[in-house]
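We're numbering straight along the sequence, starting at 1. Bear in mind that the values here come from a model prediction, so they are computed numbers and not experimental data.
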Amino acid sequence: MASVTISSVIDAPIEKVWARIRDFNGLPGWHPRMVESHIEDGKAATEIGCVRNFKTATGATIREKLLAFSDADHLVSYSILATPQPITNHKATLQLHRVTDSERTYAEWSARFDAPADQADAIAKGMGEAVFQGGFNALKAHFAGQS
């Protein structure tokens with residue numbers, strides 16, 4: 001099983017960062033690689049089991065199922081149901097933690113998945129750099145200069 005974990009510190013209070021990312025259907029509002037999204041079957045974006053269907057900037061369509069959601073723990077967990085990449089048994093978690101010595105947020109995004117052995121490292125690297133770190137960089141840019 002392949003895995004990837006990316007972490008970052010965002011210069012904004014956890015409440016502001018969580019407010020920006022908590023909408024499971026809101027990726028296009030904060031992640032530069034995601035361009036449109038909808039929740040299938042009219043379910044709420046915080047309903048466990050809902051499925052988001054979104055397009056990336058490259059035109060790929062991805063479907064993901066919400067596995068866990070917690071405002072109290074600032075956590076969202078999901079699995080990929082459909083993607084152009086050869087991934088199965090995927091589970092990812094994005095969680096925020098308060099940095100206690102300042103008004104900053106520690107963010108960690110991780111995933112585990114199965115992929116063909118000859119592709120797993122490249123998929124994990126791309127997921128970590130383009131998706132996870134790309135999202136953190138967009139959040140950092142958004143909150144830069146805000147108090």
Engineer: Apply the test side-chain contact (heavy atoms from CB on, under 4.5 Å) to residues C50 and E40: give CA-CA distance (whole Å), side-chain angles for both, the deciding distance (0.1 Å), then the verdict.
Structural biologist: CA-CA 7 Å; C50 75; E40 296 178 359; over 6 Å; no
Engineer: How are the rings of H31 and W109 set to each other: parallel, tilted or perpendicular (split at 30° and 60°)?
Structural biologist: perpendicular
Engineer: Donor-acceptor check, side chain of N53 to backbone of R63, threshold 3.5 angstrom: yes or no?
Structural biologist: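 Absent.
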Engineer: Hydrogens and angles aside, do S77 and T93 bring a side-chain donor and acceptor to less than 3.5 Å of each other?
Structural biologist: yes
Engineer: Does one side chain, of K91 or S79, offer a donor that lies under 3.5 Å from an acceptor on the other?
Structural biologist: no
Engineer: Nearest 0.5 angstrom please: D11 CG to K16 NZ, how far?
Structural biologist: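 One finds 12.0 Å between CG of D11 and NZ of K16.
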Engineer: Looking at every heavy atom in both R22 and F69, which two are closest together, and how far apart are they?
Structural biologist: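 Nearest heavy atoms, R22 then F69: O-CE1, 3.2 Å.
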Engineer: I'd like to check the ring pair (Phe, Tyr, Trp, His ring centres under 6.0 Å) partners of F54; sequence neighbours left out, ordered by chain and number.
Structural biologist: none
Engineer: Going by the angle between their ring planes, with limits at 30° and 60°, are H74 and W18 parallel, tilted or perpendicular?
Structural biologist: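 Rings of H74 and W18: perpendicular, as their planes differ by over 60°.
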Engineer: Is the count of non-hydrogen atoms from other residues, nucleotides or ligands lying under 6.0 Å from D121 atom CG greater than 12?
Structural biologist: no
Engineer: Side chain to side chain contact (heavy atoms under 4.5 Å, CB included) with H90: which of M127, R112, Q85, M1?
Structural biologist: M127
Engineer: Answer yes or no for R98 and Y106: cation-pi contact, defined as NZ/CZ to six-membered ring centre under 6.0 Å and angle to ring axis within 45°.
Structural biologist: no
Engineer: Are the side chain of D73 and the backbone of L75 linked by a donor-acceptor contact shorter than 3.5 Å?
Structural biologist: no
